[in-house]
Amino acid sequence: MNKTVSVLGSTGSIGTQALEVCEKHGMRISALAAHSSVDMLEEQARKIKPHYVGIYNEEKYADMKQRLADTDIKVLCGMEGLCTIAALEESDIVLNSVVGMVGLLPTLTAIEAGKDIALANKETLVAGGALVTEAARRKGVMIYPVDSEHSAIFQCLQGNKREQLSKVILTASGGPFFNKTYEELKHVTKEQALHHPNWSMGNKITIDSATLMNKGLEFIEAKWLFDLEPEQIEIVVHRQSVVHSAVEYNDYSIIAQLGVPDMKIPIQYALLYPERMSCPTGRLSLTDYGKLTFEKPDYETFKCLSSAIEAIKRGGAYPCLVNSANEEAVRAFLNDRIPFIEIGEIVSSVLDKLENIPINSYDDVVKADNAAREYVRNIVSRG
C-alpha cells in the first residue's frame, strides 16, 4: 500500500492493532503519538522509525526525548504536538485512537490540513459532531469509521443508494451485566466491570461497555457519520458480537456485516479502503457459533444509554455534557471514589442540572466540557 499513516494513540488497544495491520500491508508510518506510555512508545519508535513521535503528557517529554536522543526522530509533546502530527504534510491518513475529549482538536486540525481520518475516538463526533462533519464536508475529507459497529454500517452502505436507507441497526454485546437488575448493579466490583465477555479493550471503554454508555456514544456517532435522525437508529443486544451492525433499506431488506470479534477487521477496512485484503485475524465459522441471538436493551436499568440518546435528541451541548460527565464519573469509579451504579445516576442528572448552549465553535465545546467536569467533581468531592 502506498498510503502513509500518522497514528494518534499508538500504544492503546486500537493503536497497537493498527500497527500490526500497517506492518502486514507495508504501509508507511510517519508519526506515532501516545498519552504517557513512554516505554511502549520508545519500543514502537525504535522498531518503526517514524519521523515524529508525540507524547501528550508534558511531564514525560524530557524522558521521551532523552530515550530517543540517539535517533533522528523528532519528539513533540502536549496538544500542540498532537496537532502538529495530525497535520503532517507527508501523511495521507490520520488514525485517531486517543481516548477522551483530547481527540477532538487533533481531528479538526487534521481535517483543516486536508487529511482523511480513520476515526476511533468517539468523543470527536459525540462532543463536536456538527463542527467535525461540516469541516469534513467543506474540506472534502473522508471520515472512515473504525468502531466495529460503524464500520459495519459503512460496509453495508457500499454499492447502495444512500437515499434508500430506512434505518440502521446498531448491535451491542450487552456487556458483562446483561440481564442484571438495578439492585444487582449496586454491588458490582471494579474487577467485574472490567471483565468484558467478548472484547479486549482499554479500561475506560470497557467500563463504558458495562454501563452501555459505549452504545449511547455510538448512537450519537451514527447520527453524525451517516446523517441520520435519532428515530432511524435502533439498538439490538447481540451477545455473540458476530453481527457487527446492519442496515435496513426501504424495501425492508436488511444487510448485515458479520465477522469474528476482532478490531483488526474494521481498522484495516478504514486504513485500506476501498481495498479488501487478507487480515491478520481469524475466519468466522457460523457453525461453530451455532446460534445467534437478538434482544432489546434495558433502557431503564442502564441509564447511561438512555441519557445519551436523550442528549442527541435535545441537541446543542447536551451530547458533550453527558460525554464529559461520563468521563469524569468513570475516572472516579476506577479510582474507587464512587460505586458503579452512580455512573449512570450522574450522567442522567446532567440533563436536568446543566444548561444547554449552542455549539458553534471548538471553544463552545471546551466550555461545555469544563462545566460538566466541574459538576461531576463537585458531586464526587461531596461523597
Side-chain angles (χ1 to χ4, degrees), residues 9 12-22 24 95 97 99 118-122 144-158 168-180 191-219 221-222 225 233-247 254-273 276-297 302 305:
S13 174
I14 298 295
T16 53
Q17 292 177 84
L19 297 184
E20 186 179 342
V21 168
C22 290
K24 177 176 176 63
L95 172 70
S97 62
V99 176
L119 189 61
N121 172 254
K122 288 179 168 54
Y144 299 111
V146 170
D147 269 350
S148 61
E149 295 81 0
H150 301 113
S151 175
I153 293 168
F154 182 58
Q155 293 181 57
C156 292
L157 289 171
Q158 301 306 307
V168 302
I169 301 169
L170 277 176
T171 55
S173 70
F177 306 130
F178 177 66
N179 273 341
K180 296 289 186 183
E191 290 69 30
Q192 289 172 326
L194 287 171
H195 182 69
H196 193 280
N198 298 334
W199 298 94
S200 176
M201 305 174 289
N203 284 354
K204 195 267 181 183
I205 193 172
T206 303
I207 299 302
D208 282 351
S209 183
T211 64
L212 296 195
M213 183 63 173
N214 199 43
K215 206 53 51 179
L217 299 179
E218 289 171 7
F219 186 104
E221 282 185 282
L225 278 169
I233 307 169
E234 178 185 2
I235 296 175
V236 174
V237 176
H238 169 54
R239 295 294 284 164
Q240 296 80 18
S241 296
V242 169
V243 177
H244 296 300
S245 277
V247 169
I254 294 178
I255 297 177
Q257 186 262 331
L258 285 69
V260 294
D262 190 320
M263 285 302 298
K264 287 190 285 291
I265 296 173
I267 291 168
Q268 177 169 301
Y269 193 73
L271 292 177
L272 271 61
Y273 179 85
R276 290 189 183 271
M277 305 174 83
S278 175
C279 187
T281 186
R283 284 179 166 168
L284 172 66
S285 169
L286 290 175
T287 54
D288 285 349
Y289 280 89
K291 182 171 67 173
L292 303 179
T293 60
F294 304 92
E295 302 177 58
K296 292 182 178 180
F302 293 91
L305 175 58

Using a 4.5 Å cut-off on heavy atoms from C-beta on, say whether the side chain of [Y] contacts that of [X].
X    : Y    : value
L119 : V146 : no
L217 : D208 : yes
I255 : L157 : no
P297 : L305 : yes
S245 : I169 : no
M213 : F302 : no
F154 : Y269 : yes
H244 : L258 : no

[X] to [Y] - nearest heavy-atom pair and separation:
X    : Y    : answer
A120 : I14  : CB-CG2, 4.0 Å
A256 : V243 : CB-CG1, 3.9 Å
T206 : A193 : CG2-O, 3.6 Å
R239 : S173 : NH1-O, 2.6 Å
P145 : A270 : O-CB, 3.9 Å

Side-chain donor/acceptor of H238 to backbone N/O of F294, under 3.5 Å: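 Not a single qualifying donor-acceptor pair exists.
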Apply side chain to side chain contact (heavy atoms under 4.5 Å, CB included) to [X] and list each qualifying residue two or more places apart in sequence or on a separate chain.
X    : value
I205 : K122, M201, N214
C279 : K264, I265, Q268, T281
E191 : T189
S285 : T287, D288

At what distance, to the nearest 0.5 angstrom, does [atom1] of [X] lie from [atom2] of [Y]?
X    : Y    : atom1 : atom2 : value
Y144 : L272 : OH    : CG    : 11.0 Å
L170 : E234 : CG    : CD    : 9.5 Å
N203 : L194 : CG    : CG    : 5.0 Å
N121 : S97  : CG    : OG    : 8.5 Å
E221 : H150 : CD    : NE2   : 4.5 Å
L292 : S241 : CG    : OG    : 10.5 Å

Run the side-chain contact (heavy atoms from CB on, under 4.5 Å) test on Q240 and K291 for me, step by step, so that the C-alpha distance in whole Å, both residues' side-chain angles and the decisive distance to 0.1 Å come before the verdict. CA-CA 9 Å; Q240 296 80 18; K291 182 171 67 173; 5.8 Å; no
Test log, rule side-chain contact (heavy atoms from CB on, under 4.5 Å), inputs V237 and K296: CA-CA 6 Å; V237 176; K296 292 182 178 180; over 6 Å; no
Going through the checks in order, is the side-chain contact (heavy atoms from CB on, under 4.5 Å) test met by V247 and I254? CA-CA 6 Å; V247 169; I254 294 178; over 6 Å; no
According to side chain to side chain donor-acceptor pair (under 3.5 Å), who are the partners of [X], at least two apart in sequence or on a separate chain?
X    : result
S209 : H196
T171 : none
R283 : none

Hey, are S151 and Q155 close enough side-chain-wise for a donor-acceptor pair under 3.5 Å?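 Side chains of Q155 and S151: pair found under 3.5 Å.
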Test salt bridge (charged side-chain N to carboxylate O under 4.0 Å, His left out) applied to K180 - qualifying residues, sequence neighbours left out: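 K180 satisfies salt bridge (charged side-chain N to carboxylate O under 4.0 Å, His left out) with no other residue.
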E295: partners by salt bridge (charged side-chain N to carboxylate O under 4.0 Å, His left out), with sequence neighbours left out: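 Applying salt bridge (charged side-chain N to carboxylate O under 4.0 Å, His left out) to E295 gives none.
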Once ring pair (Phe, Tyr, Trp, His ring centres under 6.0 Å) is applied, do any residues pair with F178, and if so which ones, sequence neighbours excluded?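 With sequence neighbours excluded, F178 shows a ring pair (Phe, Tyr, Trp, His ring centres under 6.0 Å) to no residue whatsoever.
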What residues form a ring pair (Phe, Tyr, Trp, His ring centres under 6.0 Å) with Y289, not counting sequence neighbours?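 Y289 satisfies ring pair (Phe, Tyr, Trp, His ring centres under 6.0 Å) with no other residue.
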Criterion side-chain hydrogen bond (donor to acceptor under 3.5 Å, both in side chains) on S13 and Q17, from CA distance to verdict: CA-CA 6 Å; S13 174; Q17 292 177 84; 3.2 Å; yes
